[in-house]
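In what follows, a single structure is set out as structure tokens and then discussed.
Not measured: the values here are computed from a predicted model. Values below: every heavy atom of this structure, side chains too, minus hydrogens, waters and symmetry copies.
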Amino acid sequence: METLCLGCMQEYEGDFNVCPYCGYEQDAPAREAYHITPGTVVKERYIVGRVLGFGGFGITYIGFDMTLQHKVAIKEYFPSEFATRMPQETMVRIYAGEKREQFEAGMRKTLDEAKRLAEFRQVPGITQIYDFFEENNTAYIVMELLEGETLKEKLKRDKRMAVQEALPIVLSVIGALKEVHTKDIIHRDISPDNIYLLKDGQVKLLDFGAARQVTTTHSKSLTVILKLGYAPVEQYQSGGNQGPWTDVYSLAATFYKMITGVRPPEAPDRRVKDTLKEPSKLGVAIGKNIENALMNALQVRIEDRTKTAAEFENQLNSDNVKRTAATVEKNDMGKWPWWLKAACGLAGVAVLAAGGLVMTGVVDSPFPVLPVFQQREGTVWMPSLVNMSQESAQERLEGLGLGCRIGDTRASDTIIEGYVLGQTDGEGNVISPGTEMEKGTEVLLVLSSGSGKAVIPDVVWMNEETAASLLSENGLIAVNQVEDSESWAPAGIVTAITPEKDTEVEKSELITLSISTGGQEAGSGETEVPDITGTMEAEGLGRLKAAGLYLEKEDLQYSREIPKGQIISQDPAAGRKGSRGDTVKVAVSLGAKQVRLVSIVNQEREEAVANLEGLGMVVNVTEEYSDSTEEGRVISQSVEPGLVDEGTEVTIVVSLGKEPEQAPQRTQETRPANRPSQNNNNTQRQTQPAQPQTQAEPPQTQPAPPPQTEAPPPQTEPANPARDPIFDQL
């Protein structure tokens, strides 16, 4: 009798459970709960085996073609942000609404790309496509099975390679790119983990990224699909100008990593300040022509970069390659407007100080005799839009005569989803507040997609279906299961979770549940249900175990009065008679509810109060004068963004604008979180407002100048800008 191993797809004599070739156990479960069970047949032709690899957009299995009798690789389209699958099922469950639309668009693009890639069966550097089809609510691509290792695995072992060893690999990939680029196919994801080195010396380019391009059009996790250091700047922009030059940059970055052992800095960081060092300065033995060819392909700006794979190949093989000089961008002079830098050069230290006051709006230009300080006709100063709602930012820009559209989304721990995280021009350059802008210029808004994080709920002692559902509700869908035969619990109960409950993790984090097999028998006979109401969870479990009963957590309830982990109720009630092995279901307190506090700095007063009250915060409002924040907008908040208890008291400081010569008394008001007031007047007046923890009173060293119609805009900073990289550029 011959057995087909589902781990290596080799046949062996006998019905042994363990393969003599690879050691795979035939009855081993799927690697992850949402993977297809080994042994499943798709299209009535292909046997699905163990998982070879998986990521955010797909799962690759080893397979066997029963018709042609040979091994294959089977790639399943599975974008985990838009779909899931329950254990032991083959059918993919697609989320509703916009996520379904994006899932289906990505699937169509995947099949279309597979069809076009199938035309390149004779190209040595491209994996052969045998078949592609739809089944189980998703798409499958059947391709040749590769045996070897990825370039990433080799570099992890060897750290770096000599130029003479790396160059043939790069030239092999270029050969593949030249072919696919003729059909307008762009890879978009070249990096060491997508270059495969076969045992026979061949090089294959893996994982073309058409599906990623479609599914991330409105994805909230755009940044996670970029290979940091390998992605060019245009891939950080929604609708960026991508083409063959995009793959050229990524391949050049991979070449750089191969020979230096160092990943290049991220492209947006290089745009602000380029710290990329030539390989020769890192001790690499490399010819000048090859180094020039490499650095030309790594130019940040598309205009300066090597444009095609063929051009890159020619330069790598040339004996006379000139280094391309990087052109200066409009904003390359730094974060200050050009007029301020020029004035600093003309007027020295005194002008520098005054220029800083002009830029922040403390005073208007004190140098009317210098035309460099005068705003040109047809221009406006760029305001700070950070933390404004999309609608407010658009209204502000249009009021200034500037255009507005959405350019990108990025994850943020501090900025509310849909609010402005940054402002750029059409090429992705950050536009600093105070920049002089031509009227009619289009500004692209970078919007927050939310934190992308979730807190692991308390699912221990729940049944596995309830636990999986609760995890999914919290955005955690990558779930692995392991068996537990030691814990006191009936079969199917969750006995442990990794990472632990209450841990904040990325929503893409793999969650492992320990599931009881019911290995601890309770025995037989009658028993009495003990009273466990009011006890902590561990103590209640101990009492039930002593009585031969099991515990199942059926309900979780938030409570300010009942300590976290205390049992609120039980069913059956205490004193009831039952049989050993029965289960007592309980409700457990979660303690005070925690919510993610966001930054409301720079938001308008009423908007900020509404957002905080919507989170259940108790809001105190104080007002003070500010030369840097416009009237009616929030200067600071007393509690930093992060996880806090619902009902936390937050004091916000709202700007009264510039202080007049005789200032009226300032006020404070306290607003409860979503609770009816006991009287109609909840405003408290005080002589001195509470001082914020996040920003000090600005110095009042200059008298307020007369207002002008086109003054530089105020600048504001978020409460905790260090937590979002884009703030470093603003």
Practice problem: Provide the closest heavy-atom pair for Gly229 versus Ala253 in the form atom of the first, atom of the second, distance. | Solution: O-CB, 3.5 Å
Quiz item: Got a salt bridge between Glu291 and Lys288, using NZ or NE/NH1/NH2 to carboxylate O under 4.0 Å?
Solution: yes
Practice problem: Quick one: which residue pairs count as a salt bridge (charged side-chain N to carboxylate O under 4.0 Å, His left out) with a foot in residues 157-166, not counting sequence neighbours? | Solution: Glu149-Arg157, Lys154-Asp158, Lys154-Glu165
Quiz item: Would you call the rings of His35 and Tyr61 parallel, tilted or perpendicular, where under 30° means parallel and over 60° means perpendicular?
Solution: perpendicular
Exercise. Among Thr324, Asn320, Asn296, find the one that has a side-chain hydrogen bond (donor to acceptor under 3.5 Å, both in side chains) with Gln315.
Key: Asn296
Quiz prompt | Nearest heavy-atom neighbours spanning Leu276 and Pro264 | solution = CD1-CB, 4.0 Å
Quiz item: Counting only N and O atoms by type, is there a donor-acceptor contact under 3.5 Å from the side chain of Arg305 to the main-chain atoms of Trp245?
Solution: yes
Quiz item: Does Ser250 use its side chain to pair, donor to acceptor, with the backbone of Tyr230 at less than 3.5 Å?
Solution: yes
Quiz item: Between Gly148 and Lys199, what is the shortest heavy-atom contact and its length?
Solution: CA-CG, 4.0 Å
Practice problem: State, without any angle test, whether Thr138 and Glu76 hold a side-chain donor-acceptor pair at a distance under 3.5 Å. | Solution: no
Exercise. Please report the closest heavy-atom contact between Pro38 and Ala28, naming both atoms and the distance.
Key: CG-O, 4.1 Å
Quiz item: With sequence neighbours excluded, what pairs up with Glu144 under the side-chain hydrogen bond (donor to acceptor under 3.5 Å, both in side chains) test?
Solution: Lys204
Practice problem: Taking the side chain as every heavy atom from C-beta outward, state whether Met107 and Val92 have any atom pair closer than 4.5 Å. | Solution: no
Quiz item: At their closest point, which heavy atom of Gln423 faces which heavy atom of Leu385, and how far apart are they?
Solution: OE1-N, 3.0 Å
Exercise. Could you check if a side-chain atom of Leu316 sits within less than 4.5 angstrom of a side-chain atom of Phe255, using non-hydrogen atoms only?
Key: yes
Quiz item: Could you give the distance from OH (Tyr196) to CD (Glu147), rounded to the nearest 0.5 Å?
Solution: 7.5 Å
Quiz item: Does Thr84 reach the side chain of Ser472, with side-chain heavy atoms less than 4.5 Å apart?
Solution: no
Quiz item: Below 6.0 angstrom between ring centroids: does that apply to Tyr140 and Tyr46?
Solution: no
Quiz item: Can you find a heavy atom in the side chain of Pro279 that is under 4.5 Å from one in the side chain of Thr260?
Solution: yes
